[in-house]
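Below, each value reflects all heavy atoms present in this structure, side chains not excepted, and no hydrogens, waters or symmetry copies. Sequence lines set the chain letters: A, B, ... in the order given, protein chains first and strands last, and positions in each chain run from 1.
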Amino acid sequence: TVGAVAVDCTGNVACATSTGGIRNKMVGRVGDSPVIGAGGYADNFSGAVSCTGHGESILKVTLARHILSYMEQGKTAAEASELALQHMGVRVRGAGGAIVVSPSGQWAATFTTERMAWAAVEDSVLWYGLDPNE
Amino acid sequence: MAAVIVVHGGAWAIPEELSKASVDGVKAAAREGFSVLKRGGNALDAVESAVRAMEDNNMFNAGHGAALNSEGEVELDAIIMDGRTLASGAVSSVKNIANPVSLARAVMEKTDHVMLTSRGANMFAESIGVVTVPTDALVTEYERNEWEKHKNYITGVMEDFNTKAHD
């Protein structure tokens, strides 16, 4: 799965997610990626999210919208994504990751899997990582 | 305000031999998306551009390089959403499309619907002139080999979902 979130210079946010699913999936199986509120969500009121990980788990907790609901309660992008991913781990034992950006430009890349390749550009500065806590 | 773009290339147990190419791929996609923002483009154009870059990169499980289903076929899913209007478009189980994210955007902009699936998504693609590609063009040798290796062990793969294998 791949995804992107962005905020432009006028404060508008957007998200996109794209995937081939999981190897050997049943014909017709659809995971979280194309489902609004699960694989992605964007709202100028709270922010934009793109998710990756175990699709059925992400669907059950509507992960993207869950992260944004925490942000609407005042959590930072990093706190919100960590809390929502922890919730998914506890409730349905699913692992995954998310990238988040707020309308003010605050951002996070968080995951509970072994690794997630991510990159961000803020003010022309490139940030990137693969392993936890990078 | 300063524009920001963040991209991911999937959360899973990325093996060491794929790690450098994965990081290089997300860095290139982030730069591609940011170049759109830097030219004054909007957030929607930037995320589409960044995701297209990764769909075109064989390293990632989307577009070119996608995983194979139980019949050895490629079925692709994508979504795009505009936070300004809550407009959203998605496609699921679509075949022979190199850049599903752009087809999802067309669903958002050219139809009254939020998601089109399977044959309907492909019929819509054809109706708006989206070029199709042969399945083989989307499948890497690595993925074909991994699929051949694992196709008889679906139960094991399911049990391994949470530690190794993900969308």
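B:L37 has its side chain out of reach of A:C9: every pair of non-hydrogen atoms, C-beta onward, lies at least 4.5 Å apart. Counting heavy atoms from C-beta on, the side chains of A:P34 and B:M115 come closer than 4.5 Å. Under the 4.5 Å side-chain criterion, counting only non-hydrogen atoms from C-beta, B:L68 is not in contact with A:K25. Within the 4.5 Å cutoff, the side chain of B:L86 has no heavy atoms near those of the A:F45 side chain. Contact of the B:S70 side chain with the A:V27 side chain is registered, since non-hydrogen atoms from C-beta on lie closer than 4.5 Å. Here the side chains of B:N69 and A:N24 are not in contact, with every heavy-atom distance at 4.5 Å or above.
Under the side-chain contact (heavy atoms from CB on, under 4.5 Å) test applied with B:D77, the options A:T19, A:T17, A:D32, A:V35 reduce to a single match, A:T19.
Pairing each heavy atom of B:A43 with each of A:N12, the nearest pair is CB-O, 3.3 Å. For the pair A:G20 and B:L76, the tightest heavy-atom approach, listed with the atom from each and the gap, is CA-CD2, 3.8 Å. Closest approach of B:A62 to A:S18, counting heavy atoms only: CB-O, 3.6 Å. Closest approach of A:T52 to B:H8, counting heavy atoms only: CB-CE1, 3.5 Å. Closest of all the heavy-atom pairs between B:I79 and A:S33 is CG2-O, 3.0 Å. Counting all heavy atoms, side chain and backbone alike, A:G96 lies closest to B:A11 at C-CB, 4.0 Å.
If you chain together hydrophobic residues whose side chains sit under 4.5 Å apart, A:I99 and A:V2 never meet in one group. Hydrophobic cluster membership is shared by B:L18 and B:V7, with clusters built from Ile, Leu, Val, Met, Phe, Trp and Tyr side chains linked at under 4.5 angstrom. Put simply, B:F124 and B:V130 are part of the same group of oily side chains (I, L, V, M, F, W, Y) that touch within less than 4.5 Å, one to the next. A chain of hydrophobic side-chain contacts below 4.5 Å, direct or via other Ile, Leu, Val, Met, Phe, Trp or Tyr residues, connects B:V51 to B:V26. Both B:M81 and A:M71 sit in one connected hydrophobic cluster of ILVMFWY residues. Membership requires side-chain heavy atoms under 4.5 Å apart, directly or through other members.
The pair A:R29-B:E75 fails the salt-bridge criterion, with no side-chain N (NZ, NE, NH1 or NH2) lying under 4.0 Å from an Asp/Glu carboxylate O.
Residue B:E73 does not touch chain A at all, counting heavy-atom pairs closer than 4.5 Å. In this structure, chain A has no heavy atom under 4.5 Å from any part of B:R105. Of the atoms belonging to A:V101, it is side-chain heavy atoms, and not backbone ones, that fall under 4.5 Å from chain B. Contact annotation for B:S19: both backbone and side-chain heavy atoms come within less than 4.5 Å of a heavy atom of chain A.
When A:G89, A:A48, A:G28 are compared by the number of non-hydrogen pairs under 4.5 Å with chain B, A:G28 comes out ahead. In terms of heavy-atom pairs under 4.5 angstrom with chain A, the leader among B:S92, B:G83, B:G9 is B:G83. With chain A as the partner, the residue from B:A30, B:A2, B:S22 showing the most heavy-atom pairs under 4.5 Å is B:A30. Of the listed residues (B:L44, B:V91, B:V23, B:N57), the one with the most heavy-atom contacts under 4.5 Å to chain A is B:V23.
The CG atom of A:N44 lies 8.5 Å from the OG1 atom of B:T85; values are rounded to the nearest 0.5 Å.
More than 12 heavy atoms of other residues, nucleotides or ligands lie within 6.0 Å of CD in B:E17, so this atom counts as buried by the packing criterion. Residue B:M1 places its CE atom among more than 12 non-hydrogen atoms of other residues, nucleotides or ligands, all under 6.0 Å distant. Applying the 6.0 Å contact sphere to CD of B:E126 captures no more than 12 heavy atoms from other residues, nucleotides or ligands.
Of all residues spanning residues 115-134 of chain A, those with a heavy atom less than 4.5 Å away from chain B's heavy atoms are A:R115, A:M116, A:A117, A:W118, A:A119, A:A120, A:V121, A:E122, A:D123, A:S124, A:L126, A:Y128, A:G129, A:L130, arranged by number.
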For a side-chain contact (heavy atoms from CB on, under 4.5 Å) check, start with the C-alpha distance between B:V47 and A:C15, then their side-chain angles and the critical distance, and finish with the verdict. CA-CA 6 Å; B:V47 296; A:C15 73; 5.7 Å; no
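Checking side-chain atoms of A:D8 against main-chain N and O of B:N42 turns up no donor-acceptor pair under 3.5 Å.
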